[in-house]
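These notes are about the structure you will find just below.
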Amino acid sequence: MNIIIFGPPGAGKGTQASRIQSEYKLRHLSTGDMLRAEVMSGSVLGKQIELILAEGELVPDTTMIELIDSCIDGEAGERGFILDGFPRTVAQAHALEEMLIKNNKNIDHVLYLKVDEDELVKRIMNRVKETGGARSDDNEQVLKQRISVYKQQTEPVLPFYKDRGLLKEINGMAPIDQVSAEIDAVLKGNQAAANA
Ligand code: AMP
């Protein structure tokens, strides 16, 4: 089973993806984590990425597509993956579709965590307080930019998956356990169908 977890910054994608990873034994492919690791490595590319993240902008499509292309081929016997943070543009969605065809794979579900903008700002502000601002892009100004980039460049990806019948809308405003239950209802339905 291959899944995309989709939604605005602060929607809870990372929290749910980690839980899904351990519960369904899927590989968690988080582009944000991969980029932060590249920054930590101190490489030339990492230094360029650091500036982009601090501005709340998107890393160029070519870099992101190469990054995902190198890990989508999968390992023998693996149960699938959960993509967290990719695709974030329509060009990335098209590129992903080509990569999947090339590797004889497909996406089973796109879980769209829907959360109001006011709630997103509140959540990220709490994360800043709790972590002491460990992430350079967790502050109000950068967050507003990230939300604006999401609306302009990432939201247009939704119709791409709606047209393919893959979009599953989840109420991301609900308490974490309820969001998990809603996701499980979608994913367990898939497992039951696979075992039938
Ligand atoms: P995240 O941890 O998913 O919120 O990602 C943190 C930041 O990494 C984003 O605000 C972007 O600057 C960058 N990023 C992550 N994934 C992508 C992507 N697919 N395309 C472009 N930039 C990305």
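Whatever order the structure lists ligands and atoms in, that order sets their numbers, starting from 1. The first residue of the sequence shown is numbered 1, and numbering continues consecutively from there.
Interface atoms of ligand 1 facing Arg146, defined by a heavy-atom separation under 4.0 Å, are 4 (O), 10 (O). The contact set between ligand 1 and Arg36, taken as ligand atoms under 4.0 Å from a residue heavy atom, comprises 2 (O), 6 (C). Residue Gln92 approaches ligand 1 through these ligand atoms, each under 4.0 Å from one of its heavy atoms: 18 (C), 19 (N), 20 (N), 21 (C).
At least one N or O atom of Val59, backbone or side chain, sits closer than 3.5 Å to an N or O atom of ligand 1.
With a 4.0 Å heavy-atom cut-off, ligand 1 is reached by the backbone of Glu57 but not by any atom from C-beta on.
Compare Gln153, Gln145, Arg88 by their heavy atoms: the one nearest to atom 3 (O) of ligand 1 is in Arg88. Considering Gly85, Gly56, Pro60 only, the shortest heavy-atom separation from atom 19 (N) of ligand 1 involves Gly85. Counting heavy atoms only, Leu35 comes closest to atom 14 (N) of ligand 1 of the residues Thr63, Thr31, Leu35.
Heavy-atom distances between Ile52 and ligand 1 stay at or above 4.0 Å for every pair. Proximity of Lys13 to ligand 1 is not established, as no heavy-atom distance is less than 4.0 Å.
With salt bridges taken as basic N to acidic carboxylate O contacts below 4.0 Å, one links Asp69 and Lys102. A salt bridge is absent between Glu182 and Lys168; no separation between the charged side-chain nitrogens and carboxylate oxygens falls under 4.0 Å. For Lys151 and Glu117, the salt-bridge test passes: some basic side-chain N is under 4.0 Å from an acidic carboxylate O. A salt bridge links Asp184 with Arg19; the closest basic N to acidic carboxylate O contact falls under 4.0 Å.
Ring geometry for His94 against Phe160 counts as perpendicular: the plane angle is over 60°, on a 0 to 90° scale with 30° as the lower cut.
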- [ ] Please assess Glu55 against Gln145 for the test side-chain hydrogen bond (donor to acceptor under 3.5 Å, both in side chains), listing each intermediate value before the final yes or no.
- [x] CA-CA 8 Å; Glu55 295 284 320; Gln145 177 59 18; over 6 Å; no
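Under a 3.5 Å cut-off, the side chain of Asn2 and the backbone N or O of Phe81 do form a donor-acceptor pair.
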